[in-house]
Amino acid sequence: MRFAPALILVSSVWATAACTDFATPNQLERPTIIAVVSDPPVVRPGQTAELSVVVADATGVLTAPPATWALVEAFPGVAPLGTIDGDATGATYTAPATVPDRGDIPPLDAATVTVETTDGPLTAVKGV
């Protein structure tokens, strides 16, 4: 059994060395939504969060691409709790002052952002 750690180490080194064909970040073939960021990441009742979207292509990060923000159902048939106001530079999400009792359904909203790119629109969903 004392050879087991050595076997695991050799196996992991071999597996890592075999994976050399991954694209690097500068090899993006088309615009891609990299992230949707919420600051702060958790919003307390009555508070706000600033949302932003990070889009990149082969030239790097795209600055303020045309974007449309909206709230959608996070759970089927359950209306969003808060509000959102946004433009190409980002959005502000405002949580309700009081969170209604929805039973087993958590107090979660889903924000969507649709970004217009040269290859067409891209959409991402962010839980807030």
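Numbering of residues begins at 1 and proceeds along the displayed sequence. Only heavy atoms go into these numbers, but all of them, side chains included; no hydrogens, no water, no symmetry mates. Note that the coordinates shown come from a computational prediction; the quantities given were computed from them, not determined experimentally.
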Closest contact, heavy atoms only, Pro45 versus Val99: CG-CG2, 3.8 Å

Check: Asp119/Thr117 side-chain N/O donor and acceptor closer than 3.5 Å: no

Steps toward side chain to side chain contact (heavy atoms under 4.5 Å, CB included) verdict (Leu62, Asp57): CA-CA 7 Å; Leu62 303 178; Asp57 64 10; 3.5 Å; yes

From Thr92 atom OG1 to Ile84 atom CD1, the distance as rounded to the nearest 0.5 Å: 8.0 Å

Min side-chain heavy-atom separation Pro65-Glu116 under 4.5 Å: no

Single-linkage hydrophobic cluster, 4.5 Å side-chain cutoff, Leu71 and Val36 together: yes

Steps toward side chain to side chain contact (heavy atoms under 4.5 Å, CB included) verdict (Asp85, Tyr93): CA-CA 7 Å; Asp85 183 34; Tyr93 168 79; over 6 Å; no

Check: Thr98 side chain, Pro96 main-chain N or O, donor-acceptor pair, under 3.5 Å: no

Minimum heavy-atom distance Ala49-Pro40, with the two atoms named: CB-O, 3.7 Å

Heavy-atom closest contact (Val125 atom, Ala110 atom, distance): CG1-CB, 4.0 Å

Hphob cluster co-occupancy, Val128 + Leu108, side-chain heavy atoms under 4.5 angstrom: no

Test side chain to side chain contact (heavy atoms under 4.5 Å, CB included) applied to Leu81 and Arg102, step by step: CA-CA 11 Å; Leu81 296 168; Arg102 302 190 307 179; 3.7 Å; yes

Considering all heavy atoms, the nearest Ile105-Phe75 contact: CG2-CD1, 3.5 Å

Audit row: Thr114, Thr68, side chain to side chain donor-acceptor pair (under 3.5 Å) steps and yes/no: CA-CA 5 Å; Thr114 300; Thr68 305; over 6 Å; no

Spacing of OG1 belonging to Thr89 relative to CD belonging to Glu50, to within rounding of 0.5 Å: 9.0 Å

Side chain to side chain contact (heavy atoms under 4.5 Å, CB included) assessment of Val115 paired with Ile33: CA-CA 8 Å; Val115 180; Ile33 294 177; 4.3 Å; yes

